Amino acid sequence: MRTCSRRFARTALLAFVMTGLLGAPARADGEARLLAPSGTLRVGIYPGSPTSMVTDAAGKPHGLAYDLGGELAKGSALVSTMSGFSA
């Protein structure tokens with residue numbers, strides 16, 4: 001039970017932060033350089049969780065962290081790399 005509430009709290013915090021970052025466009029590479037100094041945004045995902053990443057019947061990945069990470073990279077003119085982690 002406690003693990004579930006911690007996971008929910010972390011997911012909610014991630015969603016809040018990512019929403020704030022997506023809402024403000026990067027100004028002259030300032031925020032983009034801060035987020036990804038190498039030009040590549042690395043997004044950590046946990047395969048199998050709808051809040052992180054799942055694959056549909058066609059094999060296309062979806063999920064909160066996966067989609068938000070991709071959109072953040074696209075909006076900041078960065079390349080994104082998804083890194084999967086297991087429990």
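Side-chain atoms are counted along with the backbone in the values below, which use heavy atoms only and exclude waters and symmetry mates. The shown structure was predicted, so the numbers you read here are calculated from the model rather than taken from an experiment.
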Q: Find out whether L72 and L35 are in side-chain contact, i.e. whether some heavy atom of one side chain is under 4.5 Å from a heavy atom of the other.
A: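 When only atoms from C-beta onward are counted, L35 and L72 do touch, with a gap below 4.5 Å.
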Q: So which heavy atom on F85 is nearest to which on P47, and how close?
A: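 Shortest heavy-atom separation between F85 and P47 comes out as O-CD, 3.3 Å.
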Q: Please name the pair of heavy atoms, one in V79 and one in A73, separated by the smallest distance, quoted to 0.1 Å.
A: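 Nearest pair, atom of V79 first, then A73: C-CB, 4.3 Å.
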Q: Where is the tightest heavy-atom contact between S52 and Y46, given as atom of each residue plus distance?
A: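 Between these two residues, the closest heavy atoms are OG-N, 2.5 Å.
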Q: Any idea which heavy atoms bring T51 and S49 closest together, and the distance?
A: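 That would be OG1-OG, 2.9 Å.
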Q: Using every non-hydrogen atom in the two residues, find where G39 and L78 come nearest and quote the distance to one decimal.
A: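 Minimum heavy-atom separation between G39 and L78: O-CD2, 3.6 Å.
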Q: Among I45, L64, V43, find the residue that satisfies the side chain to side chain contact (heavy atoms under 4.5 Å, CB included) test when tested with M53.
A: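 Among I45, L64, V43, the one that satisfies the side chain to side chain contact (heavy atoms under 4.5 Å, CB included) with M53 is I45.
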Q: Is the closest side-chain donor-acceptor distance between H62 and D67 under 3.5 Å?
A: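 There is no such pair (donor and acceptor under 3.5 Å, judged by atom type) between the side chains of H62 and D67.
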Q: When rounded to the nearest 0.5 angstrom, what is the spacing between CD in E71 and OG in S76?
A: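 E71 CD to S76 OG: 10.5 Å, rounded to 0.5 Å.
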Q: Do T55 and K60 touch side chain to side chain, with heavy atoms closer than 4.5 Å?
A: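 SC-SC contact between T55 and K60 ruled out.
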Q: Give the minimum heavy-atom separation between P37 and L34, together with the two atoms involved.
A: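 Smallest heavy-atom distance, with atoms named: CD-O, 4.1 Å.
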Q: Got S80 and M82 here, is their nearest side-chain heavy-atom distance under 4.5 Å?
A: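 SC-SC contact between S80 and M82 confirmed.
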